[in-house]
Amino acid sequence: MRLNRKLTVGLVSSAAVFSLAGGVLSAPAAAQVITVPGIGPINVPDIDFGSLDGLLGPGGNGGGNGNGGAVNSPNGVRSMAISVSNWSGKKYGPDLYSTGFAPSVKWSARDASGAEVKGSNCQIEISFPGTGFATYKNANCQGSVGLNSRVYKTAGKYQIRTVDRVSGASATKSFTIE
């Protein structure tokens, strides 16, 4: 079916305005589906400008690369930030530590505006891919922990991953042991 009508989409005061052959339809910002006369229902996706590059960006301020959480998560979390420092062992440079390194991990759940999500409505899991270390779990949306029982004794490249199981938001921090 060929459609010879012109549809112009614009944003005016956070409401979507649709112009079709001179007629104007407007839909509230929260609308998911609108009906355009002569065309039928149209899905209007939400526009999310809040989590384009992860919370702190790659490596910014020690932050890990983040993946966004669910748009309507029950706890309001949209992104995670993680930083890793040395609880024990020597730091040789950015993201570079000595053998005998035990990590200190700091996590921060954030909402769509980037503000911290406070409270204990999260299900934080900190995992250590490529190691036999057990997953650390916590309900607090903000926190830190020194993990002196998780000592890296072998040189190599590693990651620490933080996930909020309620929203699905996650962040990963990579580092090297020499």
Side-chain angles (χ1 to χ4, degrees), residues 11 14 16 28-33 43-89 91 93-98 100-154 156-177:
L11 294 176
S14 76
Q32 296 294 322
V33 177
N43 288 326
V44 180
D46 292 329
I47 299 173
D48 175 22
F49 297 106
S51 59
L52 296 176
D53 289 324
L55 181 62
L56 298 174
N61 295 331
N65 295 323
N67 294 321
V71 173
N72 296 319
S73 68
N75 62 359
V77 174
R78 290 293 301 278
S79 62
M80 291 290 300
I82 180 178
S83 64
V84 174
S85 60
N86 53 323
W87 179 259
S88 67
K91 181 174 183 169
D95 305 322
L96 181 62
Y97 303 96
S98 67
F101 166 75
S104 175
V105 179
K106 182 176 181 180
W107 67 91
S108 177
R110 304 293 177 124
D111 66 15
S113 72
E116 293 181 344
V117 175
K118 304 285 187 179
S120 57
N121 295 324
C122 291
Q123 292 177 7
I124 301 298
E125 293 184 0
I126 301 174
S127 61
F128 308 87
T131 70
F133 301 151
T135 298
Y136 174 84
K137 297 181 180 186
N138 196 304
N140 295 327
C141 297
Q142 305 285 321
S144 64
V145 62
L147 300 163
N148 61 359
S149 64
R150 293 160 175 90
V151 178
Y152 290 80
K153 298 178 182 175
T154 305
K157 295 186 182 294
Y158 297 93
Q159 294 181 334
I160 294 178
R161 182 161 197 246
T162 302
V163 177
D164 171 35
R165 293 290 175 203
V166 175
S167 67
S170 67
T172 302
K173 183 67 176 170
S174 299
F175 58 94
T176 302
I177 301 295

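Residue numbers count from 1 along this sequence. Note that the structure is a prediction, hence the values are computed from the model and not measured.
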* To do: List in chain and number order the residues that pass side chain to side chain contact (heavy atoms under 4.5 Å, CB included) with Asn140, two or more places apart in sequence or in another chain; answer none if no residue qualifies.
  => Ser120, Asn138

* **Ser108 to Gln142 - nearest heavy-atom pair and separation** => OG-OE1, 3.0 Å

* Listed partners of Lys118 passing salt bridge (charged side-chain N to carboxylate O under 4.0 Å, His left out), at least two apart -> Glu116

* **Partner residues of Phe101 under the ring-ring contact (aromatic ring centres under 6.0 Å, His included) criterion, sequence neighbours left out** => Tyr97, Tyr152, Phe175

* Asked: Would a 4.5 Å heavy-atom cut-off, applied to side chains only, mark Lys137 and Ile126 as touching?
  -> no

* Of all the heavy-atom pairs spanning Val151 and Phe133, show the shortest one and how long it is. => O-CZ, 3.4 Å

* Measure from the side-chain N and O atoms of Asn86 to the backbone N and O of Ser88, and report whether any donor-acceptor pair falls under 3.5 Å. => no

* Structure fact -> For Val163, the side chain to side chain contact (heavy atoms under 4.5 Å, CB included) test, sequence neighbours excluded, returns Arg161, Arg165, Ser170

* Sequence neighbours excluded, which residues qualify as side chain to side chain contact (heavy atoms under 4.5 Å, CB included) partners of Ser104? -> Ser85, Trp87

* Report yes if the side chains of Leu147 and Phe128 come closer than 4.5 Å at any heavy-atom pair, otherwise no. => yes

* Side chains of Gln159 and Thr172: is there a donor and an acceptor less than 3.5 Å apart? -> no

* Asked: Can you name the closest pair of heavy atoms from Asn148 and Ala102 and give their distance?
  -> CA-CB, 3.9 Å

* Structure fact -> Distance col, row Ile124:CD1 vs Trp107:CH2, nearest 0.5 angstrom, shows 7.0 Å

* Asked: Would you call Ile177 and Thr154 a side-chain contact if the rule is heavy atoms closer than 4.5 Å?
  -> no

* Identify, with sequence neighbours excluded, every residue that meets side chain to side chain contact (heavy atoms under 4.5 Å, CB included) alongside Asn75. => Ser73, Val77, Asn121, Cys122, Asp164, Val166, Ser167

* Asked: Distance from Lys106 atom NZ to Ile82 atom CD1, nearest 0.5 Å?
  -> 12.0 Å

* **Steps toward side chain to side chain contact (heavy atoms under 4.5 Å, CB included) verdict (Tyr158, Thr176)** => CA-CA 6 Å; Tyr158 297 93; Thr176 302; over 6 Å; no

* Does Gly114 offer a backbone N or O that forms a donor-acceptor pair with the side chain of Arg78 under 3.5 Å? -> no

